[in-house]
Amino acid sequence: RLFADKRIGVIKIEGIILDSGPLSFASKVLESFERAKKLEIKTILLRVNSPGGTVGASQEIYREIKKAQAEGVKVVASLGDVAASGGIYVAAGADKIVSNPGTVTGSIGVIIKTNVVKELYKKIGLDSQVVKSGEYKDILSSTKYLSEEEKAILQELIDSAYGQFVEVVAENRKIDVEEVKKFADGRIFSGVQAKELGLVDELGSQSDAVDLAAKLAGIEGKPDLVDLSPPKSFLQKVTGANISETLENMGISSIQKRTPLWLMPDC
C-alpha cells in the first residue's frame with residue numbers, strides 16, 4: 001500500500017455469549033471477523049462486556065481470534081464492566097488484555113443446572129410420562145431428581161469442559177495449569193486482582209487498550225477506529241437494550257436455558 005494503515009477494527013462482545021435462536025450472537029461476531037478480513041484490517045480491539053455464555057459459542061469466538069492471529073492480525077482485548085467466565089475465555093485468546101481496575105472478571109468454571117418442579121406438579125395435580133430410547137435420555141428432566149449415576153455422567157461432562165477452559169487460560173496467559181487451577185474455582189476478581197494473577201496484562205480504559213493496539217501494530221499518531229461490531233437487531237434498535245436483557249425483562253429467560261452447559265456464574 002502507498003499509505004500507512006492506521007485502522008483498528010473494533011468488535012464488541014456484549015451480553016450473553018451463545019448461538020441459538022434469537023440470541024445467535026456468536027455467529028454475528030464471526031461475521032465481524034470476516035468483515036475485518038475482507039477489509040484487510042490487521043489490528044482488532046475486542047471490547048468485552050459479558051458475564052459469559054455457552055461453552056460452544058465461547059469456543060467459536062476464541063477459535064476465530066486464534067485464526068485471525070495466524071493470519072497476522074494483532075488482537076487486544078479491553079474488558080468493560082464484566083468479563084467473566086465465557087467473557088474471559090474469549091479474551092484469553094487476545095495478544096494482550098487491558099482491564100479496568102474495577103472490572104468484574106474471573107469466574108473460571110462451568111455450570112449445568114435444571115429446575116426440578118416435581119413437587120409443584122404434584123401439588124397442582126399434574127404428572128408426566130416419558131418414553132425414551134435410553135436410560136439417560138431425560139437426564140436433565142425437570143420432573144425428577146438426578147440419580148447418583150446421572151450426577152456422575154454430568155460431572156464427567158463438566159470436568160471435560162472445565163479442563164478445556166483451564167488449558168486455554170494456562171496456554172494463552174503463560175501460567176502453569178496447576179497454578180490456574182488454584183484460582184479457577186468459579187470465584188470472581190477485580191481487574192486489579194486479575195492482573196496480580198496474570199489474567200490481564202495492563203490496567204486501563206478502552207482508550208488505553210486502543211493505544212496498546214496501535215503500539216503493537218506500529219501505528220504512529222491517532223489510529224482510525226472502524227466499527228466491526230455485529231449489527232443490532234430490530235428489537236435492540238427499538239429498545240436500545242441488549243436482546244438478552246430485553247428477553248429477561250419480558251420474562252422469557254427460559255429461552256436462554258435451552259442450552260444447559262454454561263461458562264457463566266450461577267444465575
Side-chain angles (χ1 to χ4, degrees), residues 11-33 44 46-68 75 77-94 97 99 103-115 140 154 157-169 172 184-189 194 199-200 228-233 235-236 241-250 252-267:
I11 299 177
K12 296 178 181 178
I13 309 292
E14 296 182 324
I16 297 175
I17 302 169
L18 71 167
D19 199 26
S20 60
L23 303 177
S24 55
F25 180 72
S27 293
K28 296 183 184 301
V29 173
L30 302 191
E31 292 172 6
S32 295
F33 275 94
I44 290 176
L46 201 66
R47 178 65 171 180
V48 184
N49 194 8
S50 169
T54 57
V55 175
S58 300
Q59 290 178 332
E60 285 270 3
I61 297 174
Y62 169 79
R63 283 194 292 268
E64 196 66 21
I65 292 170
K66 305 313 290 185
K67 180 180 176 182
V75 181
S78 168
L79 309 187
D81 288 330
V82 180
S85 213
I88 196 65
Y89 192 113
V90 168
I97 302 177
S99 171
T103 294
V104 176
T105 186
S107 189
I108 298 172
V110 187
I111 185 171
I112 187 170
K113 71 174 183 177
T114 184
N115 296 319
L140 283 175
L154 293 176
L157 176 62
I158 289 290
D159 291 344
S160 175
Y162 171 73
Q164 295 168 43
F165 198 166
V166 168
E167 287 178 6
V168 162
V169 173
N172 288 275
D185 54 6
R187 75 183 77 176
I188 57 176
F189 311 107
L199 280 176
V200 304
L228 299 171
S229 300
K232 291 184 177 181
S233 67
L235 185 59
Q236 285 175 288
N242 180 283
I243 190 169
S244 61
E245 296 170 351
T246 302
L247 291 172
E248 185 75 35
N249 293 334
M250 294 169 61
I252 317 177
S253 59
S254 59
I255 292 177
Q256 301 167 5
K257 305 301 181 184
R258 292 177 184 167
T259 308
L261 193 60
W262 292 84
L263 293 176
M264 279 188 73
D266 188 14
C267 58

[X] [atom1] to [Y] [atom2] distance, which is reported to the nearest 0.5 Å:
X: I17; Y: S85; atom1: CD1; atom2: OG; value: 9.0 Å
X: Y162; Y: I108; atom1: OH; atom2: CD1; value: 7.5 Å
X: L46; Y: I13; atom1: CG; atom2: CD1; value: 4.5 Å
X: F33; Y: I65; atom1: CZ; atom2: CD1; value: 4.5 Å

Answer yes or no: is there a side-chain heavy-atom contact under 4.5 Å between Y89 and N172?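 Y89 vs N172: side chains apart.
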Report yes if the side chains of T103 and V82 come closer than 4.5 Å at any heavy-atom pair, otherwise no.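 No, too far: nothing below the 4.5 Å cut-off.
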Of all the heavy-atom pairs spanning [X] and [Y], show the shortest one and how long it is.
X: V168; Y: A92; value: CG1-CB, 4.1 Å
X: G86; Y: S58; value: CA-OG, 3.7 Å
X: R47; Y: S78; value: NH1-OG, 2.6 Å
X: L140; Y: L154; value: CD2-CD1, 3.9 Å
X: G53; Y: I16; value: CA-CG2, 4.1 Å
X: S107; Y: A84; value: CB-CB, 4.0 Å

Under 3.5 Å donor-acceptor, T54 side chain and L18 backbone: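 No; zero donor-acceptor contacts below 3.5 Å.
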Check whether S50 reaches the backbone of G87 with its side chain - one donor and one acceptor, N or O, closer than 3.5 Å. no
Are more than 12 heavy atoms from other residues, nucleotides or ligands located less than 6.0 Å from atom NZ of K66?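 Yes.
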Name the one of N49, I88, V104, L199 that satisfies side-chain contact (heavy atoms from CB on, under 4.5 Å) with L79?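 Per the side-chain contact (heavy atoms from CB on, under 4.5 Å) rule, the option paired with L79 is I88, out of N49, I88, V104, L199.
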